[in-house]
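Because the structure is a prediction, the values reported are computed rather than measured. The sequence lines fix the lettering, A, B, ..., with proteins before strands; numbering per chain opens at 1.
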Amino acid sequence: MRLSKFFMPILRDDPKEAEIVSHKYMLRAGMIRQESAGIYSWLPLGLKVLKKIENIVHEEQAKTGANELLMPTIQSADLWRQSGRYEDYGKEMLRITDRHDRDMLYGPTNEEMITSIFKSGVQSYKDMPLNLYHIQWKFRDEVRPRFGIMRGREFLMKDGYSFDMTPQEGKHAYNKMFVAYLRTYARMGLKAIPMRADTGPIGGDSSHEFLILADTGESEVFFDKAFYDMDWSTFEIDYDDKQAVASVVDDFTSKYAAAEEIHNQEEFDAKVPKDRQVSGRGIEVGHIFFFGTKYSKPLGALVQDAEGNQVPVQSGSYGIGVSRLVGGIIEASHDENGIIWPQAVAPFDVGIINLKSGDAATDKQCEQLYGDLQAAGFDVLYDDRDDRAGAKFARMDLIGLPWAITVGPRGVKSGMAEVKNRKSGEKTDVPFSDVGKFISQ
RNA sequence: CGGGGCGUAGCGCAGCCUGGCAGCGCAUCUGCUUUGGGAGCAGAGGGUCGCAGGUUCGAAUCCUGCCGCCCCGACCA
């Protein structure tokens with residue numbers, strides 16, 4: 001993409017409403033635009049990141065055998081009246097009336113609908129187990145939306161639901177998601193620590209929240225330093241191997257980690273030596289629950305087992321805050337000059353800075369490099385605008401692409417591009433023909 | 001929901017108290033000079049001063065009502 005043709009409205013000053021770094025940088029880099037309290041438009045740069053995150057979620061879900069579907073944002077109130085939650089949900093639910101005076105709502109979650117879909121499609125144990133998920137916009141009419149997309153009213157969420165015949169199988173489904181979530185976050189360059197969570201009003205047997213550490217996190221967290229030394233990204237796993245999956249879960253859950261609501265200092269002291277106790281602030285980017293039959297019984301989600309009995313299914317639900325992750329990643333990875341995108345979620349792989357647009361030799365060299373890198377499979381943002389060097393460097397740092405390649409008359413003469421690693425800040429002179437190879441390493 | 005604050009050009013703000021041509025910086029456009037970390041000079045464009053009503057010869061400014069937004073707290077994925 002040529003910057004001259006890319007809609008990326010950069011702001012030089014911090015918008016006054018932005019308090020935390022991710023909100024500031026997202027507005028300044030032209031990733032989002034606020035439309036209303038807690039409601040945002042996603043501009044091209046922001047949307048590219050959002051899509052990258054979605055893709056990683058899809059890929060990791062696919063490995064577990066989960067099925068993607070797509071449910072509507074608007075739901076009928078009838079469905080919610082049946083579960084009794086229409087009244088219970090309160091003012092957080094946005095209620096709408098259609099032209100026929102029917103009560104509708106903008107879905108804050110999809111348990112009712114997915115259960116209805118499940119019931120209409122599955123009657124036998126032969127169709128089990130099943131995991132259905134989608135990535136869809138949700139609306140919860142928060143009392144006080146804030147921090148940009150971190151606590152918006154409209155937000156993009158992956159929500160998945162598992163259905164199994166026995167508690168053991170249900171627990172395995174839960175464990176699979178536990179591991180899949182670890183892998184999903186790890187691919188985004190995040191260490192999302194699974195913390196035992198309060199099941200709260202939802203109830204159920206088992207629940208974990210995944211929190212990434214950042215000073216601006218909304219909750220205080222306490223955990224064992226040992227998490228820092230764990231293997232977060234490399235484990236390959238056979239999801240059908242119940243033992244292997246369970247042992248990864250055990251490995252993580254055996255170490256102390258809790259958010260403040262559930263934190264118990266006595267237990268913390270008993271399980272973790274003082275010098276390994278760590279506390280900090282965290283951002284919740286995922287939450288998983290295993291319910292057993294808590295919902296399937298009242299909702300009548302029954303299937304026939306091999307003996308012909310109607311039995312309630314074992315269910316669980318699994319959520320990832322997809323849009324929140326965009327902000328969460330920025331909170332976890334930035335410096336005073338801007339965002340530092342982890343490779344896997346960067347809006348572009350690499351940026352080319354033409355230091356002297358209009359200079360025939362420099363333009364030609366940039367065009368050549370731009371074409372070569374694209375041919376090599378890189379998604380390239382080519383800054384071909386006629387701005388001063390300083391402005392271009394500042395802009396490239398702000399949007400935080402992993403690599404920035406500077407091409408100027410000096411380099412054209414010597415045959416070298418200056419390749420800068422955004423994260424380390426390290427600059428290396430590389431012959432133009434070797435740039436692709438260099439940044440692949 | 002309680003408390004505090006703010007709505008004036010794309011962004012950041014001044015002007016309001018004490019009514020009298022709607023301004024400044026950045027950004028944008030044109031020209032010239034520049035060009036390896038947010039250039040200089042000269043010029044230009046861009047506004048229902050959040051909305052509605054009132055007071056007044058005259059309202060961004062005073063009064064009333066409404067709307068929107070932000071921050072702190074409580075609450076919450």
Side-chain angles (χ1 to χ4, degrees), chain A residues 7-20 23-24 27-30 33-40 43 89-93 107-111 138-159 197-202 207-211 217-219 259 261 282-289 317-325 327-328 336-338 353-359 362 383 385-398 404-414 416-418 420 425 427 429:
Chain A
F7 182 65
M8 191 177 80
I10 297 277
L11 299 176
R12 186 164 171 168
D13 300 316
D14 288 337
K16 64 175 173 182
E17 74 270 20
E19 287 292 312
I20 64 170
H23 193 194
K24 283 180 186 167
L27 289 168
R28 284 194 49 208
R33 195 184 90 107
Q34 181 169 0
E35 300 298 347
S36 185
I39 300 176
Y40 293 83
L43 307 185
Y89 220 92
K91 289 191 151 182
E92 267 199 17
M93 179 187 280
T109 178
N110 286 68
E111 277 91 5
K138 304 290 188 290
F139 192 92
R140 292 183 194 171
D141 202 354
E142 286 283 331
V143 188
R144 181 148 101 84
R146 63 186 124 167
F147 304 145
I149 53 149
M150 299 286 284
R151 180 168 289 283
R153 293 195 292 169
E154 187 182 52
F155 58 97
L156 189 62
M157 177 166 143
K158 173 262 173 183
D159 48 319
D198 190 355
T199 50
I202 297 177
S207 176
H208 287 90
E209 296 177 334
F210 291 80
L211 287 101
E218 290 194 83
S219 41
E261 310 85 64
I283 298 167
E284 186 184 342
V285 292
H287 202 155
I288 60 179
F289 299 91
S317 87
Y318 313 90
I320 294 179
V322 175
S323 51
R324 175 181 282 183
L325 270 167
E336 66 281 1
N337 295 318
I353 293 176
N354 182 337
L355 275 186
K356 198 164 183 180
S357 292
D359 176 76
T362 311
D383 185 349
R385 291 182 43 147
D386 184 20
D387 290 322
R388 298 180 65 80
K392 292 192 174 204
F393 288 130
R395 183 162 57 211
M396 198 60 85
D397 284 345
L398 174 64
I405 300 164
T406 302
V407 180
R410 233 152 62 187
V412 169
K413 213 170 282 175
S414 63
M416 305 288 260
E418 182 194 276
K420 179 181 157 187
K427 296 174 186 169
D429 285 332

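- When distances run from any side-chain atom of Thr406(A) to the nucleotides G36(B), G37(B), C75(B), the shortest one goes to G36(B).
- Contact detail for Ala389(A) and Leu355(A): the closest heavy-atom pair is CB-CD2, 3.4 Å.
- The interatomic distance linking Leu355(A) (CG) with G37(B) (P) rounds to 9 Å, in whole Å.
- If you check every strand for non-hydrogen atoms under 4.0 Å, Asp387(A) touches nothing.
- Residues Glu19(A) and Arg146(A) are not in side-chain contact: their nearest non-hydrogen atoms beyond the backbone lie 4.5 Å or more apart.
- When the P atom is compared between A9(B) and G46(B), the two are found 15 Å apart, to the nearest whole Å.
- Rounded to whole Å, the separation between the P atoms of G54(B) and G58(B) comes to 12 Å.
- Comparing Lys356(A) and Phe155(A) by the nucleotide of RNA chain B whose heavy atom lies nearest to each, the residue mapping closer to the 5' end is Lys356(A).
- Annotation: G5(B) and G45(B) have their C1' atoms spaced 34 Å apart (nearest Å).
- Closest contact between the side chain of Ala37(A) and the listed nucleotides C72(B), C69(B), G25(B) involves C69(B).
- A gap of 15 Å separates the P atoms of U8(B) and A60(B), to the nearest Å.
- Inter-residue side-chain proximity for Arg410(A) and Met416(A) is flagged as unmet; no heavy-atom pair is nearer than 4.5 Å.
- Arg395(A) comes within contact range of no nucleotide atom at all, as no heavy-atom separation falls under 4.0 Å.
- OP1 or OP2 of C69(B) sits under 4.0 Å from a side-chain N or O of Ser36(A).
- A straight line from CD1 of Ile39(A) to P of C70(B) spans 10 Å, rounded to a whole angstrom.
- With contacts defined as side-chain heavy-atom distances shorter than 4.5 Å, the pair Ser323(A)/Glu154(A) does not qualify.
- As judged by a 4.0 angstrom heavy-atom cut-off over every strand, Glu284(A) is placed among residues touching the sugar-phosphate backbone only.
- Nearest-nucleotide positions on RNA chain B for Val143(A) and Arg385(A) put Val143(A) closer to the 5' end.
- Among the heavy atoms of the strands lying under 4.0 Å from Gly411(A) is at least one base atom, whether or not backbone atoms are also near.
- No N or O donor and acceptor, one from the side chain of Asp14(A) and one from the base of G12(B), sit under 3.5 Å apart.
- When the C1' atom is compared between C11(B) and G38(B), the two are found 15 Å apart, to the nearest whole Å.
- Side chain of Arg12(A), nearest nucleotide from C72(B), C26(B), C13(B): C26(B).
- C17(B) is unpaired under the Watson-Crick or G-U wobble criterion, no partner having all donor-acceptor distances under 3.5 Å.
- Between His208(A) and Phe210(A), the ring center distance fails the sub-6.0 Å criterion.
- Counting heavy atoms from C-beta on, the side chains of Met8(A) and Arg395(A) come closer than 4.5 Å.
- Across all strands shown, U48(B) remains unpaired; no Watson-Crick or G-U wobble contact has both distances below 3.5 Å.
- Distance Leu398(A) CG to G38(B) P: 16 Å, rounded to the nearest Å.
- Separating the P atom of C69(B) from that of G12(B) is a span of 16 Å, rounded to the nearest Å.
- Side-chain N/O atoms of Arg151(A) include none lying less than 4.0 angstrom from OP1 or OP2 on C75(B).
- Across all strands shown, Gly319(A) has no heavy atoms under 4.0 Å from either base or sugar-phosphate atoms.
- To the nearest whole angstrom, the two P atoms, one in G10(B) and one in U56(B), are 34 Å apart.
- Side chain of Ala389(A), nearest nucleotide from G38(B), G37(B), C6(B): G37(B).
- Heavy atoms of Glu209(A) sit nowhere under 4.0 angstrom from any nucleic acid atom.
- Proximity of Lys420(A) to Asp397(A): side-chain heavy atoms (C-beta onward) are separated by under 4.5 Å at one or more points.
- Distances from the side chain of Glu218(A) to the nucleotides C76(B), C71(B), C11(B) place C76(B) closest.
- Not one side-chain nitrogen or oxygen of Gln34(A) sits closer than 4.0 Å to the OP1 or OP2 atom of G68(B).
- Going from the P atom of A74(B) to that of C66(B) covers 29 Å, rounded to whole Å.
- As rounded to whole Å, 15 Å separates atom P of A74(B) from atom CD of Glu142(A).
- The side chain of Arg144(A) approaches C72(B) more closely than any other nucleotide in the set C11(B), C72(B), G38(B).
- Side-chain proximity of Pro409(A) to the nucleotides A77(B), G36(B), G37(B) is greatest for G36(B).
- Counting only heavy atoms from C-beta on, Phe147(A) has its side chain closest to C72(B) among G38(B), A77(B), C72(B).
- Pair check for G10(B) finds C26(B); Watson-Crick or G-U wobble, both atom distances under 3.5 Å.
- Rounded to an integer number of Å, the gap from Met157(A) CE to C76(B) P is 17 Å.
- As a whole-Å value, the separation of Glu17(A) CD from C72(B) P is 13 Å.
- A stacked arrangement is not assigned to Phe393(A) and the six-membered base ring of G38(B), the conditions of a centre distance below 5.5 Å and an interplanar angle below 30° not being jointly met.
- Taking the side chain as every heavy atom from C-beta outward, Asp159(A) and Lys138(A) approach each other to under 4.5 Å.
- Under the Watson-Crick and G-U wobble criteria, each requiring two contacts below 3.5 Å, nucleotide U34(B) is left unpaired.
- Candidate nucleotides G38(B), A77(B), C1(B) were compared by shortest atom distance to the side chain of Lys91(A), and C1(B) ranks first.
- Residue-level contact check: Gly152(A) touches the bases, meaning some heavy atom is under 4.0 Å from a base atom.
- Using Watson-Crick or G-U wobble geometry with both donor-acceptor distances under 3.5 Å, U55(B) finds no partner in any strand shown.
- Among the heavy atoms of the strands lying under 4.0 Å from Leu11(A) are primed sugar atoms or P, OP1, OP2 only; no base atom is included.
- Contact of Arg388(A) with A39(B) (side chain to base): a donor-acceptor pair of N or O atoms is detected under 3.5 Å.
- In this structure, Glu17(A) and Leu27(A) have side chains that are in contact, with non-hydrogen atoms separated by less than 4.5 Å.
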